[in-house]
Amino acid sequence: MRSEKRMIKQAYRFELDPNREQRVLLAKSVGASRFVYNWGLAESKRQYELTGKRPRLGALTAQLVELKQTECPWLYEVSAHIGQSALKGLNVAFERFFESLKRECQKSGYPRFKRKGERDSARLYEVTLKERPLRMPNVGRVRLKETCIERGFQGVCSRRPSTARPIDGSYCTRSSANARSRC
């Protein structure tokens, strides 16, 4: 029997140990993500009532840029990817809802507004994971409560989004990694 090498993708969850400044930046990121998602949902409902069509992702992204420049300059304090990924998440929620209406599959409900404190999260891109610190855009190097080796993490952290969410006051992140395996 011949052995083959193949890549396996596995998700890892690490608890973060941020300092005070980093906690504030993470909280701002989570709040900005929730704000942009809720704004996008309200804007989609408003435009649907006016025109009978839901705005596409590109149109909402363009409106978000205008919103940042005029009414919400505080959104510049967090990474630009956070607002874009919140709108992508809203788009996925709408697609699932409309797909469930077309097919006889599990029904997905209409997207709902997010509330503070209920499964708060923000997607961060370009996250770099070393042995102990995690490098996040606009946040900097954040310590992990345990090392990668203690968790069994071997391989390279993918450039896919990680999610930071406060759980009992502590932030966690999920990262997927590529690892080599022999089969």
Side-chain angles (χ1 to χ4, degrees), residues 9-14 16 22 25-103 105-129 134-140 142 156-167 171-178:
K9 229 176 220 203
Q10 187 170 0
Y12 290 87
R13 183 173 168 169
F14 296 98
L16 304 178
Q22 292 169 337
L25 289 171
L26 288 170
K28 283 182 180 182
S29 298
V30 167
S33 176
R34 182 180 54 250
F35 175 82
V36 169
Y37 182 93
N38 288 342
W39 169 83
L41 181 55
E43 188 65 22
S44 295
K45 284 183 173 183
R46 187 184 71 78
Q47 287 188 21
Y48 181 78
E49 289 172 359
L50 290 175
T51 63
K53 291 185 177 181
R54 180 179 64 87
R56 298 289 172 218
L57 179 62
L60 279 177
T61 303
Q63 289 176 348
L64 176 63
V65 172
E66 291 176 21
L67 181 75
K68 280 180 165 182
Q69 293 171 349
T70 57
E71 297 175 34
C72 302
W74 56 271
L75 287 172
Y76 283 113
E77 295 175 12
V78 299
S79 175
H81 295 292
I82 289 174
Q84 294 167 1
S85 65
L87 289 179
K88 285 180 186 174
L90 177 63
N91 194 45
V92 167
F94 271 117
E95 287 175 359
R96 284 185 183 156
F97 170 70
F98 290 124
E99 186 66 28
S100 72
L101 292 178
K102 292 178 188 176
R103 297 189 179 182
C105 59
Q106 182 179 358
K107 296 291 181 190
S108 294
Y110 189 82
R112 293 183 285 177
F113 289 100
K114 293 188 175 188
R115 295 183 200 165
K116 185 175 183 177
E118 289 183 13
R119 297 185 325 175
D120 288 339
S121 65
R123 291 187 188 274
L124 302 169
Y125 290 82
E126 298 180 12
V127 172
T128 308
L129 180 61
L134 181 71
R135 172 99 174 74
M136 296 179 164
N138 289 17
V139 177
V142 181
V156 179
C157 179
S158 68
R159 293 286 179 169
R160 300 204 179 236
S162 295
T163 305
R165 58 180 72 190
I167 298 173
Y171 285 86
C172 293
T173 186
R174 285 184 306 187
S175 279
S176 59
N178 295 327

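Since this is a predicted model, take the numbers as computed values, not measurements. For this chain, numbers begin at 1 and follow the sequence in order.
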List the atom of [X], the atom of [Y], and the distance in Å for their closest heavy-atom pair.
X: V78; Y: A32; answer: CG2-CB, 3.8 Å
X: A86; Y: V36; answer: CB-CG1, 4.1 Å
X: Q47; Y: P55; answer: OE1-CB, 3.1 Å
X: E77; Y: N138; answer: O-ND2, 3.9 Å
X: R115; Y: D120; answer: O-OD1, 3.5 Å

Qualifying ring-ring contact (aromatic ring centres under 6.0 Å, His included) pairs, either residue in residues 63-85, two or more places apart: F35-W74, H81-Y125

Quick one: ring-ring contact (aromatic ring centres under 6.0 Å, His included) pairs with a partner in residues 50-69, sequence neighbours left out? none

Side chain to side chain donor-acceptor pair (under 3.5 Å) partner of E99, chosen from R103, R96, K102: R103

Exam field: side chain [X] to backbone [Y], donor-acceptor pair closer than 3.5 Å:
X: S85; Y: I82; result: yes
X: S100; Y: S108; result: yes
X: S33; Y: S29; result: no
X: N38; Y: F113; result: no

Is there a side-chain contact between M136 and L26 in this structure, where contact means two heavy atoms from C-beta onward sitting under 4.5 Å apart? yes

Student check: side-chain heavy atoms of R54 and N91 closer than 4.5 Å: yes

How many angstroms lie between atom [atom1] of [X] and atom [atom2] of [Y], to the nearest 0.5 angstrom?
X: S79; Y: Q84; atom1: OG; atom2: CD; value: 8.0 Å
X: S44; Y: R56; atom1: OG; atom2: CZ; value: 10.0 Å
X: E43; Y: L90; atom1: CD; atom2: CG; value: 11.0 Å

Sorted by chain and residue number, the side-chain contact (heavy atoms from CB on, under 4.5 Å) partners of Y110 (sequence neighbours excluded) come out as L41, K45, F94, F97

